[in-house]
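Report on the structure given below.
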Amino acid sequence: MKKRLMLACALLWAGANASAPRPLTPAPETGRFSMSSYLGKQPLLAWCDAPRRVLALLQYGIPAETAQATPPNGELYEWPKTAAGLGKIQVSEVQLGAPDPGAGQIYTPLKLTSGPRKGQSGYVHTSNIENTNDPAYRMTKTGEFKLGNDVYKCRYVKDAAFIGVTRKRTVIIWDNGKTATYATRNFDGSAGVYVTGGRRIPPGMEGGTHYEFSAPGGITYYVNIDANGPKTGASVIVRQDGHLEPGQPFLAYSVSLPKK
């Protein structure tokens with residue numbers, strides 16, 4: 001009787017432990033860079049520089065684990081691209097679901113609960129292979145946004161140190177640790193610029209990341225990231241023939257810095 005009781009207790013203990021959830025141990029980060037994305041000064045879950053649109057997804061709550069109705073836990077910002085620049089912003093509340101990883105892909109489901117797209121469902125597609133955990137990548141890939149029947153493919157530059165959008169153009173910076181390169185892609189279809197031989201400027205008292213690029217015609221481009229302290233936004237300033245033009249803030253951007 002005693003032996004049967006001990007065996008029953010042992011089986012109950014084993015069953016309880018087999019069914020109990022086990023904490024997941026994250027894979028060690030082996031990448032060389034740390035990437036962050038922002039909407040102005042707010043951290044972003046993901047954003048997308050698509051051919052016809054710029055989209056930015058802000059998460060401010062825990063993803064829903066079930067299909068039952070839950071309060072919105074994020075916001076989606078959209079700007080259409082026009083020849084005159086980015087059009088009127090469109091903001092929708094979003095209900096984000098739990099990410100679904102598999103076979104190198106991560107799909108984060110979402111449902112729009114307000115705005116012109118109210119009731120539409122979709123997802124954000126990112127990669128768990130092409131990301132900063134791999135030393136070969138400086139940027140983590142956001143592949144596409146799907147909203148209802150619309151699919152927006154996102155620009156991806158795996159070795160960029162910075163990519164961001166102002167109201168008029170996309171700006172990309174490459175930095176090999178010695179020199180930097182600055183390139184733009186204008187929304188009006190006009191030719192952008194491509195400037196090599198730039199440099200990273202030592203930070204001021206407030207810190208941040210700063211670049212300077214000198215182009216023909218007496219033009220200098222300055223890109224300032226977190227110039228007024230952490231998470232204070234980014235902007236580009238142009239100096240031409242000694243005249244300093246007003247700064248152009250980046251609406252959405254990603255920056256990737258070497259790990260310390």
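- Side-chain contact between Thr181 and Val195 is absent, with no heavy-atom pair separated by less than 4.5 Å.
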- Task: Begin with the C-alpha distance, continue with both residues' side-chain angles, and end with the deciding distance and a verdict on salt bridge (charged side-chain N to carboxylate O under 4.0 Å, His left out) for Asp175 and Arg199.
- Result: CA-CA 8 Å; Asp175 181 355; Arg199 68 188 185 103; over 6 Å; no
- Show your reasoning for whether salt bridge (charged side-chain N to carboxylate O under 4.0 Å, His left out) applies to Arg117 and Asp150. CA-CA 11 Å; Arg117 294 184 184 270; Asp150 298 323; 3.2 Å; yes
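- Contact annotation: the side chain of Phe187 never approaches that of Arg167 to less than 4.5 Å [non-hydrogen atoms, C-beta and beyond].
- The closest donor-acceptor contact from the side chain of Thr140 to the backbone of Thr132 lies under 3.5 Å.
- Closest approach of Ile106 to Pro99, counting heavy atoms only: CG2-CB, 3.8 Å.
- Residues Asn131 and Ile129 have side chains not in contact (no heavy-atom distance under 4.5 Å, counting atoms from C-beta outward).
- Contact of the Leu44 side chain with the Leu57 side chain is not registered, since no non-hydrogen atoms from C-beta on lie closer than 4.5 Å.
- Atoms CZ and CE, on Phe33 and Met35 in that order, are 13.0 Å from each other to the nearest 0.5 Å.
- Counting only heavy atoms from C-beta outward, the side chains of Thr126 and Lys141 never approach each other to under 4.5 Å.
- Residues Leu58 and Ile89 share a single hydrophobic cluster, defined by chaining ILVMFWY side chains whose heavy atoms lie under 4.5 Å apart.
- The heavy-atom pair separating Met139 from Val157 by the smallest distance is CG-O, 3.5 Å.
- Between atom CD of residue Gln105 and atom CG of residue Asn128 there is a gap of 7.0 Å, rounded to the nearest 0.5 Å.
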- Please lay out, stage by stage, how Leu112 and Glu93 fare under the test side chain to side chain contact (heavy atoms under 4.5 Å, CB included). CA-CA 6 Å; Leu112 293 104; Glu93 290 187 315; over 6 Å; no
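- For the residue pair Thr232 and Asp226, the shortest heavy atom distance occurs at N-OD1, 3.1 Å.
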- Please report the C-alpha distance between Asn224 and Ile237 in whole Å, then the side-chain angles of each, then the deciding distance to 0.1 Å, and finally whether the side chain to side chain contact (heavy atoms under 4.5 Å, CB included) criterion is met. CA-CA 8 Å; Asn224 301 306; Ile237 300 173; 3.8 Å; yes
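- Around the NZ atom of Lys146, the shell of radius 6.0 Å holds more than 12 heavy atoms that belong to other residues, nucleotides or ligands.
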- Does the ring-ring contact (aromatic ring centres under 6.0 Å, His included) test come out yes or no for Tyr123 and Tyr107, once each step is laid out? CA-CA 6 Å; Tyr123 59 76; Tyr107 289 90; 5.0 Å; yes
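- Residue Arg32 holds its CZ atom at 9.5 Å from CG of Asp134, rounded to the nearest 0.5 Å.
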- Message: Before you tell me yes or no, could you show the steps for Tyr222 and Arg239 under side chain to side chain contact (heavy atoms under 4.5 Å, CB included), namely the whole-Å CA-CA distance, both residues' side-chain angles and the distance that decides it to 0.1 Å?
- Response: CA-CA 8 Å; Tyr222 301 96; Arg239 180 190 292 273; 3.7 Å; yes
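- Annotation: side chain of Thr196 is not in contact with side chain of Thr179 (no heavy-atom distance under 4.5 Å).
- Leu55 and Val91 are not part of a single hydrophobic cluster, where members link through side-chain heavy atoms under 4.5 Å apart.
- A donor-acceptor pair is defined here as one N or O able to donate and one able to accept, closer than 3.5 Å; no such pair exists between the side chain of Lys81 and the backbone of Asp49.
- Residue Asp188 holds its CG atom at 9.0 Å from OG1 of Thr82, rounded to the nearest 0.5 Å.
- Contact check for Gln240 versus Glu245: side-chain heavy atoms found under the 4.5 Å cut-off.
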- Query: Is there a side-chain hydrogen bond (donor to acceptor under 3.5 Å, both in side chains) between Tyr60 and Gln42 once you walk through the steps?
  - Reply: CA-CA 10 Å; Tyr60 52 74; Gln42 300 182 83; over 6 Å; no
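- Cluster annotation: Val94 is connected to Val124 through the hydrophobic network of ILVMFWY side chains, with a link wherever side-chain heavy atoms come within less than 4.5 Å.
- Pro109 approaches Ala98 most closely through the heavy-atom pair CD-O, 3.3 Å.
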- Query: Going through the checks in order, is the side chain to side chain contact (heavy atoms under 4.5 Å, CB included) test met by Val54 and Leu251?
  - Reply: CA-CA 10 Å; Val54 173; Leu251 302 180; over 6 Å; no
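- Annotation: Asn149, atom CG; neighbour count of heavy atoms from other residues, nucleotides and ligands within 6.0 Å does not exceed 12.
- Hydrophobic clustering of Ile, Leu, Val, Met, Phe, Trp and Tyr side chains at less than 4.5 Å, counting indirect connections, unites Val171 with Tyr253.
- Between Ser214 and Thr220, the closest heavy-atom pair is OG-OG1, 4.1 Å.
- Using a 4.5 Å cut-off on side-chain heavy atoms (C-beta onward), Tyr77 and Leu39 make contact.
- Of the options Tyr211, Phe250, Tyr182, a ring-ring contact (aromatic ring centres under 6.0 Å, His included) to Phe162 is made by Phe250 and by none of the others.
- Side chains of Ser254 and Trp47: a donor on one and an acceptor on the other come within 3.5 Å.
- Atom-to-atom distance recorded for Glu75:CD and Thr113:OG1 is 9.5 Å, nearest 0.5 angstrom.
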- Item | Criterion side-chain hydrogen bond (donor to acceptor under 3.5 Å, both in side chains) on Ser190 and Asn186, from CA distance to verdict | CA-CA 6 Å; Ser190 63; Asn186 299 331; 3.1 Å; yes
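- In the hydrophobic cluster analysis, where Ile, Leu, Val, Met, Phe, Trp and Tyr join through side-chain heavy atoms closer than 4.5 angstrom, Val193 is grouped together with Val238.
- Salt-bridge annotation for Glu78 and Arg53: present, with a side-chain N of the basic residue lying under 4.0 Å from a carboxylate O of the acidic one.
- Atom NZ in Lys158 sits 13.0 Å away from atom OG in Ser256 (nearest 0.5 Å).
- Looking at every heavy atom in both residues, Leu86 comes nearest to Thr166 through CD1-O, 3.5 Å.
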